[in-house]
**Q** 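My questions all concern the structure below.
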Amino acid sequence: MYIIMLGAQGTGKGTVAGLISKETNYPQISTGDIFRQNIKDKTELGIEADKYISQGNLVPDEITVPMVTNRLSDKDAENGAILDGFPRTIEQAQKLDEILAKGGKKVDLVINLTTPKEELIDRMITRRVCPKCKSTFNIKLCPPKVEGICDNCGEKLVQREDDSNPEAIQRRLEIYKEKTSPLVEHYKKQGVLRTETISISINRMANDVAKEVVEYIKNK
Ligand code: AMP
């Protein structure tokens with residue numbers, strides 16, 4: 001089963017994807033994580049991608065699409081995957097359809113997460129990530145057991161560069177609205193969209209949504 005996580009930055013896509021991945025064994029493929037690993041390792045791809053990511057802009061398709069194509073050709077993704085951060089434009093969605101169609105596969109489910117805008121900005125500012133195992137925490141909503149340390153691997157947590165830059169946060173939300181949000185209608189028309197709200201105001205957080213989605217997938 002191929003699942004796409006849709007939603008603005010800070011909605012909890014990565015957290016929900018991680019929880020679903022644990023329960024289903026489909027790998028979580030996060031384009032943002034792959035880019036950040038490459039930036040950390042100072043690879044050619046990372047150096048190029050960083051020019052866009054640090055400003056909150058999208059990395060060009062010439063870099064992103066081959067990277068995703070490659071990752072989807074790995075053995076662990078042959079029966080399914082959870083795409084977290086791709087596609088982000090209609091063009092990328094069309095590319096994904098082409099990549100999957102080559103193996104007789106298709107997008108089976110799109111989980112569209114929504115959260116009130118003021119919560120999103122706050123969540124980005126208070127997000128902390130583990131540079132080693134990629135776990136995500138939030139100093140307000142989901143703090144690690146020991147301050148500043150990853151619960152899973154003991155590494156020191158960091159703040160993403162694009163989360164500490166107010167202009168980059170604003171730019172990412174603008175790009176989401178302009179380029180990514182049309183995907184909601186696109187996948188609704190295909191009959192694969194499932195929309196879920198994650199918000200402290202209704203006491204519904206990532207693990208509540210993940211639990212229901214896992215049930216749904218298992219019964220599908
Ligand atoms: P994320 O971790 O999903 O918030 O992604 C972090 C950054 O990586 C984004 O703000 C973009 O600069 C870049 N990025 C991630 N996925 C894509 C994509 N599908 N297309 C272009 N750029 C991307």
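In listed order, ligands and their atoms are each counted from 1.
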**Q** Between ligand 1 and Tyr52, is the shortest N or O to N or O distance under 3.5 Å?
**A**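 For ligand 1, there is no N or O atom that lies under 3.5 Å from one belonging to Tyr52.
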
**Q** Would you say Gly85 has any N or O atom under 3.5 Å from an N or O of ligand 1, going by distance alone?
**A** yes

**Q** Say whether Thr31, considering both its backbone and side-chain N or O atoms, lies within less than 3.5 Å of an N or O atom on ligand 1.
**A** yes

**Q** Using a strict cut-off of 4.0 Å, indicate which atoms of ligand 1 neighbour a heavy atom of Arg36.
**A** 2 (O), 6 (C)

**Q** Please say whether Ser30 places an N or O atom under 3.5 Å from an N or O atom belonging to ligand 1.
**A**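 No; every N/O pair is 3.5 Å or more apart.
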
**Q** Side chain, backbone, both or neither: which part of Thr64 comes within less than 4.0 Å of ligand 1 when only heavy atoms are counted?
**A**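 Side chain only.
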
**Q** Quick one: does any side-chain atom of Thr136 pair with a main-chain N or O of Thr15 as donor and acceptor, under 3.5 Å?
**A** no

**Q** Do Arg171 and Ile175 have side chains that get closer than 4.5 Å, going by heavy atoms?
**A** yes

**Q** Under a 4.0 Å N-O cut-off, is there an ion pair linking Glu174 with Lys177?
**A** no

**Q** Atom 23 (C) of ligand 1: which protein heavy atom is closest, and how many Å away?
**A** Phe35 CE1, 3.8 Å

**Q** Salt bridge between Asp76 and Arg71, side-chain N to carboxylate O under 4.0 Å?
**A**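 Yes, this pair counts.
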
**Q** What residue and atom, counting heavy atoms only, is the protein's closest point to atom 15 (C) of ligand 1, and at what distance?
**A** Arg88 NH1, 3.2 Å

**Q** Under the 3.5 angstrom rule, does the side chain of Asp84 hit a backbone N or O of Lys13 as a donor-acceptor pair?
**A**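 Answer holds: no.
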
**Q** Looking at Asp108 and Lys106, is any side-chain nitrogen of the basic one under 4.0 Å from a carboxylate oxygen of the acidic one?
**A**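 Looking at Asp108 together with Lys106, the answer is yes, because their closest N to O distance falls below 4.0 Å.
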
**Q** Considering all heavy atoms of both residues, which atom of Pro131 and which atom of Val158 are nearest to each other, and what is their separation?
**A**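 Closest heavy-atom pair between Pro131 and Val158: CD-CG2, 4.1 Å.
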
**Q** Answer yes or no: does an N/O atom from Val59 fall short of 3.5 Å to an N/O atom of ligand 1?
**A** yes

**Q** Among Arg172, Gln9, Arg160, which one puts a heavy atom closest to atom 4 (O) of ligand 1?
**A** Arg160

**Q** For the 3.5 Å polar cut-off, considering only N or O atoms, please tell me whether Asp33 and ligand 1 meet it.
**A** no

**Q** Could you list which atoms of ligand 1 come closer than 4.0 Å to a heavy atom of Gln92?
**A**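 Those qualifying, in numeric order: 18 (C), 19 (N), 20 (N), 21 (C).
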
**Q** Show the atoms of ligand 1 that are less than 4.0 angstrom away from any heavy atom in Asn57.
**A** 11 (C), 12 (O)

**Q** Between Thr114 and Thr197, is any side-chain donor less than 3.5 angstrom from a side-chain acceptor?
**A** yes

**Q** How close do Tyr187 and Ala93 get, counting heavy atoms only, and between which atoms?
**A** OH-CB, 3.4 Å

